[in-house]
Amino acid sequence: MVGCQLSVKRNFSPKVLNEMSQFFPILKKARVSLPVNFLQNSLHIKMGDYDSDDNLPKPAVKAKLIGSEEYVECAHAIISDPFDYESWLSMCVEVEAGRGGSAEVRDTYNKFLNNFPLSSNIYSSLASWYEKNGDLNEAHILLEKNVKLVRNVKLWIQYLNILSTILSNSSNNNSNSNGSSSSSSSSTKTKGTTSSGSGNVNNISIISVSKTIHDPIGRKTMTKAFENALNNVGYCHDSYPLWRLYLDYVNLWIADGSIGGMDPDVKMNLLRSIYQRALLVPMTTGTSTGTGNDNGGTTDVVSSALDAIWSSYQSYELSLGENTSKEILYFNETKYKSTKLLCAIKYKLHKKIDFNRYAIPSSKTSKEMEQLELWNKLIRYESTNPNNLKKSDLLLLVSSLYQQILCCFHRNMEVWLTYGKYMQLASSGAGAEANSVGNSIITEQEKEKEKENTIVTRDNDGNEITIKSVDLFSSTPSTSDTDSNTETDRDSSNSYNTTTNGIRKIYKDAMKYLPNSSLLRIALAEYEENISENPIIATSIYKETFDLLPSGLSFHVYLKHLRRYYGIITARKFFSTTYNMRNDFKMGYEIYLSNIQMELLAV
């Protein structure tokens, strides 16, 4: 039946509505066309709902679910809105407590992750459940696969504890004596060791990771894991627990050259490297209570984490008793003070950002737009290079921030487009201005800066030594005990980079989360068109975009591309192929405007 909308709606009495409802199936069987679609306007139902002899469509019946009342309510809420994360969280709690009927915990969490694949809270909860049930291997596999993508400090610490437990268990199977000596050494301090009590910002347990200090293979594996963690989230404002845990772990190493021990110089160089890199991170914790007055004023809680690192580093250098210690401290004190000044500024940028936001589809609400604007302010500020980093390190830092944003907004198209454009500009012919990740081009200005950050002094034996400053993304000092390929791991942890494949991956991953976005496909096609003289790849992307998502925009860009590379005859043939779409009104007037523009202006 074909009807038209009523220009005036009427309010019918229940009696009239009942008579109309009984009369309507008779009209449909007799193939009588109503002049107006009065039932659709009065009863708010569609003509197509009457495919049977039933008088009225029956209301949808909720599927019967077995479980607690709260579990059933959450299940129905999720059916209505798959991105209702509060219902998902409540459902997981019910299932873990055994009140979810036949639902399994692992399957429930996996379904949760299908909708929120970059949420650190879900991975952490699932890994904790595995641990609780004694399945450490499953927890390790889960976190090892996803921890680099999620970029969350707490998740990295959870992963490190699980990894250390697995390593210590395998080590204990080989030697029972190592386990007893490990537990006793946890409470023993060696020369140059500083306890984690100097930083009261976070209480961190060192018991788990300390179990591997007597196993050379375990030390090497844990050191590599710590370095990967620092390269992934070491720049974060809340990364103090991770730096502190790494320092405490290395402090417990037995550096006496004995069996199971290591060279003292190796330990000293590694600790210095960790401390000096940590001093470059504006760690912010707590609440701002003052201005951080160094002249006897109240200590600013904002920079208390950084203050704890500096205090610990001072104690460590002085405990070594070397001639170079005071010069090294003086050399790094300037960096510490510069970083401390940034803490208050960055705290204002960080304090309102929800770093654990669940990435729901974009709804343009005021809260969502506020969060996006806060992230934009942070990106703009970091792009000014307040830390005075090398250009390659600055690019790494900004790229990492974009990936943090995507953990919270990977269903927001604008974020992907902005990130892709940034990485394209970084790899463009402006070239030396924005270098490829991990491939820094040292300019004359950087060479001068390197000279300023280098001091020449003498050790206890009178030998001349050169000390250079440590960069934020420096690798572990290469030694026989800690010789791990951290440079490669750094690049792999930052899978998005300024190489061609890295930028392609940005757009392709974006299309996984937003398959119906023609703008993302067009952005990828334009990028392929710009980097290659052969337009075949771009042509296939444009064609696929128009076939899957036909619109005035996808038609316009594809038509321009065909005209530009294949000539006007090919473009006209493409316009002719859209005859049926135009005839069925699937395409609007925009398609004609694009064709006219091509013909008149010879685009």
Side-chain angles (χ1 to χ4, degrees), residues 85 88-89 91-93 95-96 100 103-174 179 205 207-212 215-234 236 241-242 245-246 249 356 358-359 400 403-404 406-407 410 484-486 488-496 505 509 512-513:
Y85 59 88
W88 274 112
L89 292 171
M91 175 184 279
C92 290
V93 172
V95 173
E96 281 197 60
E104 296 184 0
V105 176
R106 182 184 310 190
D107 292 340
T108 304
Y109 272 112
N110 286 334
K111 292 176 182 178
F112 194 0
L113 285 170
N114 287 337
N115 291 331
F116 301 96
L118 297 179
S119 173
S120 61
N121 292 333
I122 307 175
Y123 287 111
S124 179
S125 298
L126 180 55
S128 298
W129 180 78
Y130 281 132
E131 286 186 89
K132 190 187 301 182
N133 288 272
D135 200 346
L136 283 178
N137 288 329
E138 285 294 331
H140 174 255
I141 293 172
L142 174 72
L143 295 186
E144 186 176 42
K145 182 180 178 181
N146 298 285
V147 72
K148 293 181 181 179
L149 299 176
V150 176
R151 292 184 179 272
N152 182 273
V153 174
K154 293 181 179 179
L155 196 66
W156 266 105
I157 293 177
Q158 185 177 7
Y159 166 72
L160 291 169
N161 282 321
I162 292 173
L163 175 62
S164 178
T165 302
I166 293 175
L167 292 174
S168 63
N169 289 342
S170 64
S171 177
N172 288 336
N173 291 335
N174 297 329
S205 174
I207 297 176
S208 177
V209 294
S210 67
K211 296 176 182 179
T212 62
D215 179 18
I217 297 178
R219 280 201 307 266
K220 182 177 179 179
T221 304
M222 286 301 299
T223 302
K224 183 176 180 179
F226 269 114
E227 289 295 327
N228 287 335
L230 294 183
N231 286 328
N232 190 266
V233 294
C236 294
L242 179 61
L245 187 63
Y246 192 13
Y249 172 68
N356 294 315
Y358 288 90
S400 299
Q403 291 175 57
Q404 265 197 302
L406 290 173
C407 291
H410 59 263
S484 57
N485 194 0
T486 55
T488 302
D489 286 352
R490 179 186 73 174
D491 293 339
S492 64
S493 67
N494 189 6
S495 56
Y496 300 132
K505 181 173 173 56
D509 284 357
K512 292 179 184 177
Y513 300 116

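All residue numbers in this chain count up from 1 along the given sequence. What's counted below: heavy atoms across the whole structure, side chains too, no hydrogens, waters or symmetry copies.
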query = Is a donor on one side and an acceptor on the other found under 3.5 Å between the side chain of S125 and the backbone of N121?
reply = yes
ask   = Would you find a donor on one side and an acceptor on the other, under 3.5 Å apart, between the side chain of S164 and the backbone of N161?
value =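 Answer holds: no.
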Contact summary for [X] and [Y], nearest pair of heavy atoms:
| X | Y | value |
| --- | --- | --- |
| H140 | Y159 | CD2-CE1, 3.6 Å |
| C407 | A359 | O-CB, 4.0 Å |
| A127 | A139 | O-CB, 3.8 Å |
| K111 | W88 | CB-CH2, 3.7 Å |
| L160 | A225 | CD2-CB, 3.6 Å |

Kindly indicate whether the side chain of [X], heavy atoms from C-beta on, has any atom under 4.5 Å from the side chain of [Y].
| X | Y | answer |
| --- | --- | --- |
| D135 | W129 | no |
| Y513 | L118 | yes |
| N169 | L136 | yes |
| K154 | S120 | no |
| V95 | D107 | no |

Enter the distance from [X]:[atom1] to [Y]:[atom2] here, rounded to the nearest 0.5 Å.
| X | Y | atom1 | atom2 | answer |
| --- | --- | --- | --- | --- |
| L126 | C92 | CG | SG | 9.0 Å |
| R106 | E138 | CZ | CD | 5.0 Å |
| N152 | Q158 | CG | CD | 9.5 Å |
| Y246 | E227 | OH | CD | 3.5 Å |
| K148 | W156 | NZ | CH2 | 6.0 Å |
| I141 | E144 | CD1 | CD | 8.0 Å |

task = Please assess F116 against H410 for the test side chain to side chain contact (heavy atoms under 4.5 Å, CB included), listing each intermediate value before the final yes or no.
result = CA-CA 9 Å; F116 301 96; H410 59 263; 5.8 Å; no
inquiry  = Testing the 3.5 Å rule here: is there a donor-acceptor pair between the side chains of T108 and E96?
reply    =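 There is no such pair (donor and acceptor under 3.5 Å, judged by atom type) between the side chains of T108 and E96.
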message = Working note: L242 + F226, criterion side chain to side chain contact (heavy atoms under 4.5 Å, CB included); need CA distance, chi angles, decisive distance, verdict.
response = CA-CA 8 Å; L242 179 61; F226 269 114; 4.3 Å; yes
inquiry  = Please determine whether side chain to side chain contact (heavy atoms under 4.5 Å, CB included) holds for the pair L89 and V93, giving the CA-CA distance in whole Å, both sets of side-chain angles, and the decisive distance to 0.1 Å.
reply    = CA-CA 6 Å; L89 292 171; V93 172; 5.7 Å; no
ask   = Once the angle between the rings of Y85 and Y358 is folded into 0 to 90°, is it parallel (under 30°), tilted (30 to 60°) or perpendicular (over 60°)?
value = parallel
message = With a sphere of 6.0 Å drawn around CD1 of I217, does it hold more than 12 non-hydrogen atoms of other residues, nucleotides or ligands?
response =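 Counting neighbours around CD1 of I217, 12 or fewer heavy atoms of other residues, nucleotides or ligands fall under 6.0 Å, so no.
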